[in-house]
Amino acid sequence: MNPPKHLYIGGKWYSGEGSERQMINPTNGCVFTEVREASKNQTGDAVRAARYAYNETTWRTDIKKRVNSLNKLADLLEEQTEQFAIAETTNTGKPIRESRLDISDSVSCLRYYANLVSNRKAWIKKMPDGTKSRVIEEPIGVCALIVPWNFPLLLGMWKIAPALAAGNTVVFKPSELTAITAIKFAELVDQCDIPPGVFNLVLGGGTPVGQALVKHPDVDKVSFTGGSDTGRKINEQCASSFKRVSLELGGKSPIIVLEDADIKAAVEWGIFGSFFNQGEVCVASSRLLIHKSIYQSFVEYFLEKLQRINVGNPLDEGTEIGPVISAGHREKIENYIEIGKSEGARLLYGGQRVGEKGYFLSPAVFTEVKQSMRIVQEEIFGPVVTIQTFRDDNEAIELANGTLYGLAAGVLSNDFERAERLASCLKAGTIWINSYHTPYVEAPWGGFKQSGIGRELGPQGLSGYTEVKHINLNNELKPVGWYK
Ligand code: NDP
């Protein structure tokens, strides 16, 4: 039997010449399929194919073609929402209703960038000396797009859609744990009459495949989403050649609950913020900061609600929390729970394995925590939340800003002026007031401090894939008049 072909390079399918990788369903710990990953040479082939398509096809100049292709991709993906959602849930363990959201958000992202580039106007102005200046945005060239396993297709689309819309060509590398929807997406690209080499898919680990992409001299831009340690390494590697780079990294985001907030609503947002996608979300509200006067009633209701949460098979419609991604990741989370206990925090609830099979954990809550504790400072990336109190707004701000991260934050209150004042003092890229989690394709997303460099989504997300060029035009060629 011929080995399956899972790499999409230069418009053709290839069998990987790298390692064989088993795809594990985290719900039962069983292998559901296998893929063959790319070798270093094949990764280089993908970059060469992208370079050829960038230089030799009309992709970078033909906006109409790009808009049609992105819209066609959106239509095809929308038609297959359910198949993609089931594949995503099987591969990641996320509840099926959340996978459906991922796919519909991916469709919206493709349409948004198709629409944005089709309406983009060049900036033209008359200058004080009578010349005319035009500022245009051009594609950067070949972009390497590297994403993690928590939202495999959606985080990919936040890069693929703007990069392609802007006229770049791309090499996409999903996490080694979650290759399935990336392969399915490449199958859609194959049906769209997109020039060969514009979109390339390579599968494989951070080493050798991710690293080979980052170091490749023909890659003009690296767009990376993942952990801060990996991001730091990539940033250093890109610095030596001034390769363009954008980084969407980790977080330790707080929700601040003011004393006037409705307790029931605040608890629901706290649970949603902390445990959506098993807490495996860069913006998870893993720190809840509650005004001292409502702390007792908040915690009581939080506990009551949490005990009713449905942890189970993510393909069941009623499931609210699925398994975490892998056995290794569950151990990492459990290790943090032990660290929390040994630091003197009180594990109020959860953190237990659930069921015999798969990688389930009950959602965990720590109280009696100190700001200096590792469970407050470090990203756990799982269903673990800490609850702290504050006395006044200054203390809330100090606690909220008191980590190395700055990705997101929430404020819950009916006092909008006070909430806005707090928002202006928070060092984070996204602040939700009386809501949490929703990314809007129209608005930028990214981090302050060690949560990243650059922004995705919105017009800023498109700018991340363009170089800005200023053309100054003098209508008549006359002597400079500067020399005698
Ligand atoms: P990693 O940083 O381990 O990996 C992310 C991606 O980078 C994977 O595809 C990985 O490959 C690849 N990679 C690893 N090492 C290298 C390298 N040296 N060179 C190039 N590529 C490399 O993160 P996780 O997959 O563990 O994802 C979790 C992290 O992602 C969390 O910290 C989370 O906060 C962050 N994240 C940030 C988001 C944001 O928008 N800011 C959104 C979602 C997640 P492989 O895994 O195949 O080895």
Side-chain angles (χ1 to χ4, degrees), residues 16 18-19 21-24 35 37-38 40 43 91-92 94 102 105 109 144-159 171-179 182 201-216 219 222-238 243 245-253 276-286 324-326 328-330 332-333 336 378-382 403-408 428-430 437 439 444-457 461 464:
S19 334
R21 173 90 50 188
Q22 298 181 325
M23 293 289 116
I24 312 276
V35 301
E37 298 183 338
K40 227 172 138 181
T43 308
N91 205 169
T92 62
K94 65 174 67 199
D102 283 12
D105 284 356
C109 187
L145 314 178
I146 302 175
V147 297
W149 42 259
N150 56 341
F151 293 84
L153 188 71
L154 181 60
L155 294 183
M157 212 53 61
W158 288 9
K159 301 182 189 306
V171 182
F172 178 47
K173 189 202 94 62
S175 162
E176 62 195 6
L177 301 178
T178 50
L201 171 68
V202 289
L203 305 179
T207 39
V209 175
Q211 218 173 62
L213 285 175
V214 171
K215 288 185 173 169
H216 200 292
V219 166
V222 176
S223 178
F224 169 82
T225 299
S228 294
D229 288 342
T230 318
R232 186 171 295 111
K233 247 187 256 163
I234 290 177
N235 201 24
E236 283 164 9
Q237 282 161 354
C238 291
K243 197 172 272 180
V245 64
S246 49
L247 306 168
E248 296 292 334
L249 307 177
K252 195 73 191 175
S253 303
F276 183 81
N277 205 54
Q278 297 72 245
E280 297 166 320
V281 189
C282 52
V283 294
S285 62
S286 49
V324 299
I325 187 73
S326 66
H329 191 57
R330 181 167 69 174
K332 184 186 150 196
I333 299 165
Y336 266 111
E378 297 175 18
E379 184 182 49
I380 300 174
F381 216 58
T403 73
L404 293 174
Y405 295 110
L407 197 52
T430 302
H437 261 320
W445 176 279
F448 281 31
K449 301 195 284 182
Q450 295 197 15
S451 288
I453 295 176
R455 291 292 180 272
E456 299 203 295
L457 300 184

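As the structure is a computational prediction, the values presented were derived from the model and not from experiment. Atoms within a ligand are numbered from 1 in the order they appear, just like the ligands themselves. When reading the values below, keep in mind they use all heavy atoms of this one structure, side chains included, and skip hydrogens, waters and symmetry mates.
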- Query: With Q450, which residues qualify under side-chain hydrogen bond (donor to acceptor under 3.5 Å, both in side chains), at least two apart?
  - Reply: R232

- Task: Report all protein residues having a heavy-atom distance below 4.0 Å to some atom of ligand 1; order the list by chain, then number.
- Result: I146, V147, P148, W149, N150, L155, K173, P174, S175, E176, G204, G205, G206, G210, Q211, V214, F224, T225, G226, G227, T230, I234, E248, L249, G250, C282, E379, F381, L407, W445

- Message: Checking side-chain polar atoms at under 3.5 Å, does K159 have a donor or acceptor matched by the opposite partner on T225?
- Response: yes

- Task: Verify the distance criterion only: is there a donor paired with an acceptor across the side chains of K252 and T403 at less than 3.5 Å?
- Result: no

- What class does the angle between the rings of F151 and F276 fall in, given that below 30° is parallel, 30 to 60° is tilted and above 60° is perpendicular? parallel

- CG of L407 to CH2 of W445, rounded to nearest 0.5 Å, is 6.5 Å

- Query: How about K40: does its NZ atom have over 12 heavy atoms from other parts shown lying under 6.0 Å from it?
  - Reply: no

